[in-house]
Novice: 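Just passing along the structure, written as structure tokens.
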Amino acid sequence: MSYKAEYIWIDGTEPTALLRSKTRILADGAEAPVWGFDGSSTNQAEGHSSDRVLRPVFVCPDPIRGGDHKLVLCEVEEINGEPHVSNSRALLRPIAEQFADQESWFGIEQEYTFFKGSRPLGFPEGGFPAPQGPYYCGVGADAIFGREIVELHLDRCLDAGLAISGINAEVMPGQWEFQIGPASPLDVSDHMWIARWLLYRTAEEFGVEATLDAKPARGDWNGAGAHTNFSTKAMREGYEAIITACEALGEGDKPMEHVTQYGSGIESRLTGAHETAPWNKYSYGVSDRGASVRIPWQVEVDKKGYIEDRRPNANVDPYVVTRLLVNTCCAALEKAGQV
């Protein structure tokens, strides 16, 4: 007996990395071993020395092939075992370990947009749909496009054992969102990359493209983000830690350090309109979707909970946003003795 292992990895495409995958047949019960690939075809090597290494780091059931087949998420390494320069997971690992005692939790809201050909799904050929308004969490064929893809993707994420916690239609025709979390920095990021792969793979079956473009339609339409909800044990127990985290994110050069790594095209999305703060101005506030960081109203009432960083783009690397938030906020909380 044997099973199919779909090896999945993040390539070196810039400014936004792509997902790649290939299949290996393994003996029944065998663990997925280290494998290799041609890095010159994925922007991860030059042709004269192109071998790169795939090291499995997260394995889950393959909900598309079913049976005993597996999805195998991998880190990319050089042949000497060192992390490849494109391997952002390797940069998160030591930060997550350093602050593990603070028990960071994340919930990432992944927005995305379906395209059919050159236009968002639901946009009429040669024209535009009615202005945004009826589409967010809407119902009916005049407002919702692609639900069959979304429902199948949700079922597959559940069958894969991912920490998916919900879905909803977003404010533009053909635009949707799913949420991963709450989970630890590495877990939420691993699950997000697998969920993205399943999204692309599922849409492929319908002849539709799913894009994480930060501003998929120009004009008076919301962009696509990956709002990132974050908390530590201290934040879940007290409000002072909430304020410490918010202040730390706005201190010195921290706003620019974060926003410049929060995804390609961020200036086109964070304009100060469409429920965003300007990309170059940091702010935080209670129940304020026009702030960089929102404190939910219930958090202020309960005097404990979490914060929502509204700046990350839909195309952000989850390994990067979790590393930045843990490093900035946990260091500040540790300095303040709020751990």
Side-chain angles (χ1 to χ4, degrees), residues 5-22 24 32-59 71-100 104 106 108 110 180 184-197 200 211-214 226 228 253-267 279 309 311-328 330-331:
E6 189 71 13
Y7 278 63
I8 299 168
W9 74 98
I10 300 140
D11 77 1
T13 300
E14 294 180 343
T16 302
L18 303 175
L19 281 164
R20 308 285 184 134
S21 69
K22 61 177 182 170
R24 183 167 182 172
V34 169
W35 203 14
F37 70 99
D38 171 19
S40 67
S41 297
T42 63
N43 300 293
Q44 289 167 305
E46 297 179 358
H48 61 82
S49 181
S50 65
D51 286 337
R52 293 295 179 263
V53 175
L54 296 174
R55 183 171 300 280
V57 293
F58 174 72
V59 179
L71 301 179
V72 182
L73 182 66
C74 301
E75 284 192 26
V76 176
E77 296 179 347
E78 304 283 358
I79 57 175
N80 64 3
E82 292 296 314
H84 188 267
V85 66
S86 65
N87 183 350
S88 55
R89 190 180 190 275
L91 299 177
L92 170 61
R93 282 190 278 111
I95 299 299
E97 182 178 349
Q98 178 183 350
F99 295 107
S104 296
F106 285 89
I108 301 178
Q110 178 67 73
I180 297 289
S184 68
L186 282 166
D187 285 347
V188 79
S189 302
D190 290 345
H191 288 211
M192 179 59 77
W193 277 114
I194 292 292
R196 286 175 172 180
W197 185 89
Y200 302 143
T211 176
L212 305 186
D213 192 309
T228 301
D253 61 357
K254 286 297 180 182
M256 292 307 296
E257 178 187 348
H258 282 244
V259 81
T260 55
Q261 298 181 70
Y262 273 4
S264 174
I266 203 156
E267 298 92 339
W279 68 273
D309 192 338
R311 296 169 294 173
N313 275 351
N315 56 19
V316 73
D317 182 342
Y319 295 129
V320 172
V321 67
T322 55
R323 172 174 55 83
L324 290 170
L325 283 169
V326 168
N327 200 34
T328 295
C330 289

Novice: Which residues pass the ring pair (Phe, Tyr, Trp, His ring centres under 6.0 Å) test with F99, not counting sequence neighbours?
Specialist: none
Novice: Would you say V76 and L54 make side-chain contact, with heavy atoms under 4.5 Å?
Specialist: yes
Novice: Contact between R24 and P33 at the side-chain level, heavy atoms closer than 4.5 Å - yes or no?
Specialist: yes
Novice: Looking at Q98, I'd like to know if its CD atom is crowded, meaning that more than 12 non-hydrogen atoms belonging to other residues, nucleotides or ligands lie closer than 6.0 Å.
Specialist: yes
Novice: Rounded to the nearest 0.5 Å, how far does CZ of R196 lie from CG of L18?
Specialist: 11.0 Å
Novice: Taking the side chain as C-beta and beyond, is there a heavy-atom pair between L212 and Q110 under 4.5 Å?
Specialist: yes
Novice: Of all heavy-atom pairs between P94 and A90, which one has the smallest distance, and what is that distance?
Specialist: CD-O, 3.1 Å
Novice: L324 and side-chain contact (heavy atoms from CB on, under 4.5 Å): which partner among V321, V320, N327?
Specialist: V320
Novice: So how far is it from T42 OG1 to L19 CG, rounded to the nearest 0.5 Å?
Specialist: 12.0 Å
Novice: Looking only at heavy atoms, what is the nearest atom pair of F106 and P185, with distance?
Specialist: CE1-CG, 3.7 Å
Novice: Could you check whether any side-chain heavy atom of E6 comes within less than 4.5 Å of a side-chain heavy atom of W197, counting everything from C-beta outward?
Specialist: yes
Novice: List the steps and the verdict of side-chain contact (heavy atoms from CB on, under 4.5 Å) for H84 and E77.
Specialist: CA-CA 5 Å; H84 188 267; E77 296 179 347; 5.9 Å; no
Novice: For N315 and G263, which heavy atoms make the closest approach, and how far apart are they?
Specialist: OD1-CA, 3.2 Å
Novice: Output, in order, the C-alpha distance, side-chain angles, deciding distance and verdict of side-chain contact (heavy atoms from CB on, under 4.5 Å) for E14 and N43.
Specialist: CA-CA 9 Å; E14 294 180 343; N43 300 293; over 6 Å; no
Novice: Per the side-chain hydrogen bond (donor to acceptor under 3.5 Å, both in side chains) rule, which among R52, E75, Q44 passes with S86?
Specialist: Q44
Novice: Indicate yes or no: at least one non-hydrogen side-chain atom of W9 is less than 4.5 angstrom from one of R55.
Specialist: no
Novice: Does the side chain of P56 reach to within under 4.5 Å of the side chain of Y7, using non-hydrogen atoms?
Specialist: yes
Novice: Considering non-hydrogen atoms only, spot the tightest contact between L325 and H258 and give its length.
Specialist: N-CE1, 3.9 Å
Novice: Could you tell me the separation between the OG1 atom of T322 and the CG atom of L91, rounded to the nearest 0.5 Å?
Specialist: 10.5 Å
Novice: From S49 OG over to I79 CD1, what is the distance, rounded to the nearest 0.5 angstrom?
Specialist: 5.5 Å
Novice: What is the minimum heavy-atom distance between S104 and C330, and which atoms define it?
Specialist: OG-SG, 3.6 Å
Novice: Nearest 0.5 Å please: distance from the CG atom of D187 over to the CE atom of M192.
Specialist: 13.0 Å
Novice: Does R89 reach the side chain of F58, with side-chain heavy atoms less than 4.5 Å apart?
Specialist: no
Novice: Taking only residues two or more places apart in sequence or in another chain, which ones pass salt bridge (charged side-chain N to carboxylate O under 4.0 Å, His left out) with D11?
Specialist: R20
Novice: Could you check if a side-chain atom of D317 sits within less than 4.5 angstrom of a side-chain atom of Q261, using non-hydrogen atoms only?
Specialist: no
Novice: For A214 versus S264, what's the shortest heavy-atom pair and its separation?
Specialist: CB-O, 3.9 Å
Novice: Looking at OG of S189 and CD1 of I194, how far apart are the two atoms once the value is rounded to the nearest 0.5 Å?
Specialist: 12.0 Å
Novice: Going by side-chain hydrogen bond (donor to acceptor under 3.5 Å, both in side chains), name the residues that satisfy it together with D309, two or more places apart in sequence or in a different chain.
Specialist: Y262, R311
